[in-house]
> 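One structure coming up, written as structure tokens, with questions to follow.
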Amino acid sequence: MIVLAADHGGYTLKEEVKKHLDAKGVQYIDCGCYNGESVDYPDMAKQACEKIQSGEAEKGLLFCGSGVGISIAANKMKGIRCCCCSDTFSAKYTRLHNDANVLAMGGRIVGPGLAIEMIELFLNTEFEGGRHSRRVEKLMALED
Ligand code: RB5
């Protein structure tokens with residue numbers, strides 16, 4: 001199960017991504033927003049990341065205008081490792097090396113084609129472990 005959330009700047013891209021996930025039969029929880037009216041990205045990040053913290057979802061996809069605000073908000077929540085991406089290399093390596101559990105994208109930067117390529121890599125790439133485990137452990141220790 002994955003969780004999705006967007007503010008108004010990411011709403012259109014979220015809806016495009018949902019069409020792709022529906023076509024592939026990927027299950028998701030959509031935490032909103034549900035139209036293009038203005039909402040605050042920290043509220044949207046919080047709702048989605050709580051689903052990961054509770055175990056209802058394993059990974060998350062977040063969207064705002066730039067992808068930056070919503071990724072900063074997500075990274076303030078315990079247990080969340082969110083990467084804001086606009087290239088496929090980062091989307092793949094944030095799984096391989098950082099064990100990222102949330103991918104953020106900018107609806108005003110990234111088109112649906114690139115977003116879907118990044119999402120496929122993000123969802124289907126396993127964490128490499130090994131020397132990266134120690135680094136991710138140190139990363140998470142920064143929360144304390
Ligand atoms: C909203 O206008 C915009 O600030 C937001 O979507 C995002 O880009 C913030 O980082």
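These numbers come from the heavy atoms of this one structure, side chains and all, not from hydrogens, waters or symmetry mates. Predicted, not measured: the structure shown is a model, and the values here were computed from it. Counting convention: from 1, in listed order, for ligands and their atoms alike.
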> Show every salt bridge (charged side-chain N to carboxylate O under 4.0 Å, His left out) that has at least one partner inside residues 2-25, sequence neighbours left out.
Lys14-Asp30, Glu15-Lys18, Glu16-Lys19, Lys18-Asp30, Lys24-Glu120
> Find all atoms of ligand 1 within a distance of less than 4.0 Å from any non-hydrogen atom belonging to Gly65, and give their numbers and elements.
5 (C), 6 (O), 7 (C), 8 (O)
> Please identify which of these residues, Thr94, Asp99, Asn101, meets the side chain to side chain contact (heavy atoms under 4.5 Å, CB included) condition with Phe127.
Asp99
> Can you name the atoms of ligand 1, numbered from 1 with element, that are less than 4.0 Å from a heavy atom of Ser66?
7 (C), 8 (O), 9 (C), 10 (O)
> To check you understand the geometry: which heavy-atom pair defines the closest contact between Ser66 and Gly69, and what is its length?
OG-N, 4.0 Å
> In terms of residue, atom name and distance, what is the protein heavy atom nearest to atom 1 (C) of ligand 1?
His8 NE2, 3.5 Å
> Please round to the nearest 0.5 Å and tell me the distance separating atom NZ of Lys46 and atom CD of Gln53.
9.0 Å
> Quick one: nearest non-hydrogen protein atom to atom 7 (C) of ligand 1, plus distance?
Cys64 SG, 3.4 Å
> Judged on heavy-atom distance to atom 10 (O) of ligand 1, which of Ala104, Ala6, Gly69 sits nearest?
Gly69
> Give me the nearest non-hydrogen protein atom to atom 4 (O) of ligand 1 as residue plus atom name, then the distance to 0.1 Å.
Tyr41 CE2, 4.4 Å
> Under 30°, 30 to 60°, or over 60°: which ring-plane class applies to Phe89 and Tyr93, parallel, tilted or perpendicular?
parallel
> Which heavy-atom pair separates Ser86 from Leu114 by the least distance, and what is that distance?
O-CD2, 3.5 Å
> Identify, for atom 5 (C) of ligand 1, the protein heavy atom at the shortest distance, and state residue, atom and that distance.
Asp7 OD2, 3.2 Å
> Can you tell me which residue and heavy atom of the protein come closest to atom 2 (O) of ligand 1, and the distance to 0.1 Å?
Arg108 NH1, 3.4 Å
> Just how far is it from atom CD1 of Ile72 to atom SG of Cys64, taken to the nearest 0.5 Å?
8.5 Å
> Judging by distance only, is a nitrogen or oxygen of Gly67 under 3.5 angstrom from one on ligand 1?
no
